[in-house]
Amino acid sequence: MMNDKIKNNKTLNILLWIAQALMAAMFIMAGVSKTFQPIIALAESMPWVNDVSSMMVRFIGVSELLGGIGIILPSLLRIKPKLTVYAALGLVAVMIMAAGFHTMRGEYPAIGANVIFSAILGFIAWGRSAKIPVAAKA
């Protein structure tokens, strides 16, 4: 019985690390493009960029970039690993706002990705806060 609990915790920990790595990669890539790519180039693949200020696009990019770093780095380095939970929750907020934005624009198919990412980020926040927190370096 105790062996099953250890095995389940190990599996959950692996799943959390995979989720963290995937979300970090995705948000870092999205954040870098929205932060550093010229607005004209962004607008070719993301038409909504034309409908908001360039400062808003850059703000979203920086938020996604920092959130992506925060999903992985504090846990990986074991320096203030609780920040991983806060980064995950912050990115859930970004996804909720993105879903609202897509709803206002009638871009309903895009909302599915927001829901999926929010669920994965919620899983990370729950797992790293309640189930298997990463211990800080001593």
Side-chain angles (χ1 to χ4, degrees):
M1 180 116 167
M2 184 61 119
N3 221 2
D4 286 342
K5 185 175 180 181
I6 292 170
K7 187 187 290 187
N8 288 341
N9 280 346
K10 187 174 183 177
T11 302
L12 182 58
N13 191 41
I14 291 168
L15 289 172
L16 284 165
W17 277 114
I18 291 169
Q20 285 175 254
L22 290 173
M23 290 291 98
M26 200 266 313
F27 279 104
I28 289 170
M29 286 189 298
V32 165
S33 71
K34 289 177 190 138
T35 302
F36 300 111
Q37 201 172 29
I39 296 295
I40 294 170
L42 276 174
E44 291 175 14
S45 60
M46 295 180 254
W48 62 266
V49 168
N50 291 318
D51 298 336
V52 297
S53 73
S54 60
M55 291 301 292
M56 178 59 81
V57 175
R58 301 303 187 203
F59 176 75
I60 293 167
V62 169
S63 299
E64 289 176 343
L65 178 58
L66 293 176
I69 291 168
I71 285 286
I72 196 84
L73 208 55
S75 291
L76 192 62
L77 299 177
R78 294 178 44 215
I79 298 172
K80 302 226 183 254
K82 189 77 171 169
L83 291 176
T84 292
V85 175
Y86 299 137
L89 293 173
L91 287 171
V92 167
V94 170
M95 291 295 98
I96 290 169
M97 288 183 275
F101 180 74
H102 290 305
T103 300
M104 289 186 332
R105 292 175 50 89
E107 301 168 342
Y108 302 111
I111 297 169
N114 300 132
V115 171
I116 291 167
F117 296 147
S118 292
I120 296 169
L121 292 162
F123 168 69
I124 293 168
W126 166 80
R128 290 302 181 208
S129 66
K131 251 346 217 174
I132 305 179
V134 174
K137 275 186 188 175

Exercise for the section: Sorted by first residue and then second, give each side chain to side chain donor-acceptor pair (under 3.5 Å) pair with at least one member in residues 95-107; sequence neighbours left out. Expected result: Asp51-Arg105, His102-Glu107, Arg105-Glu107
Exercise for the section: Using the test side chain to side chain contact (heavy atoms under 4.5 Å, CB included), find all partners of Ile69 that sit at least two apart in sequence or belong to another chain. Expected result: Ile28, Leu65, Leu73
Handout entry: Close side-chain approach of Phe27 and Leu91, heavy atoms under 4.5 Å
Key = yes
Exercise for the section: Sorted by first residue and then second, give each salt bridge (Lys or Arg N to Asp or Glu O under 4.0 Å) pair with at least one member in residues 94-104; sequence neighbours left out. Expected result: none
Problem - Verdict with reasoning, Trp17 to Val134, per side-chain contact (heavy atoms from CB on, under 4.5 Å) - result: CA-CA 11 Å; Trp17 277 114; Val134 174; 4.3 Å; yes
Completion exercise
Here the pair of heavy atoms bringing Ala19 nearest to Ile120 is CB-CG2, 3.9 Å
Problem - Within residues 86-104 or reaching into it, pairs that qualify as salt bridge (Lys or Arg N to Asp or Glu O under 4.0 Å) - sequence neighbours excluded - result: none
Problem - Ile14 atom CD1: more than 12 heavy-atom contacts under 6.0 Å - result: yes
Completion exercise
Residues pairing under side chain to side chain donor-acceptor pair (under 3.5 Å) where one sits in residues 126-138, two or more places apart or in two chains, turn out to be Asn13-Arg128, Gln20-Arg128
Problem - Met26 CE to Ile71 CD1 distance, which is reported to the nearest 0.5 Å - result: 9.5 Å
Exercise for the section: Consider only side-chain heavy atoms of I, L, V, M, F, W and Y, link residues closer than 4.5 Å, and tell whether Ile116 and Ile124 are in one cluster. Expected result: yes
Exercise for the section: Name all pairs fulfilling the side chain to side chain donor-acceptor pair (under 3.5 Å) condition that reach into residues 57-69, sequence neighbours left out, sorted by first residue then second. Expected result: Lys34-Glu64
Handout entry: Side-chain hydrophobic cluster, 4.5 Å single linkage: members besides Tyr86
Key = Leu83
Exercise for the section: Please collect all side chain to side chain donor-acceptor pair (under 3.5 Å) contacts where either partner lies in residues 114-124, sequence neighbours excluded, each pair once. Expected result: none
Exercise for the section: May I ask whether Val92 and Phe117 are part of the same hydrophobic cluster, defined by side-chain heavy atoms of I, L, V, M, F, W, Y residues being less than 4.5 angstrom apart, directly or through others? Expected result: yes
Handout entry: Closest heavy-atom pair and its distance - Gly67, Ala87
Key = O-CB, 3.8 Å
Exercise for the section: Can you run down the salt bridge (Lys or Arg N to Asp or Glu O under 4.0 Å) pairs that involve residues 67-90, sequence neighbours left out, and say none if there aren't any? Expected result: none
Handout entry: Connected via hydrophobic side-chain network under 4.5 Å: Met29 and Leu22
Key = no
Handout entry: Hydrophobic cluster (4.5 angstrom, side-chain heavy atoms) - remaining members for Leu89
Key = Val85
Exercise for the section: Kindly give the cluster partners of Ile60, where membership spreads through any ILVMFWY side chain lying under 4.5 Å from a current member. Expected result: Ile39, Leu42, Met46, Trp48, Val49, Val52, Met56, Val57, Phe59, Phe101, Met104
Problem - Whichever hydrophobic residues join Leu66 through chains of side-chain contacts under 4.5 Å - result: Val62
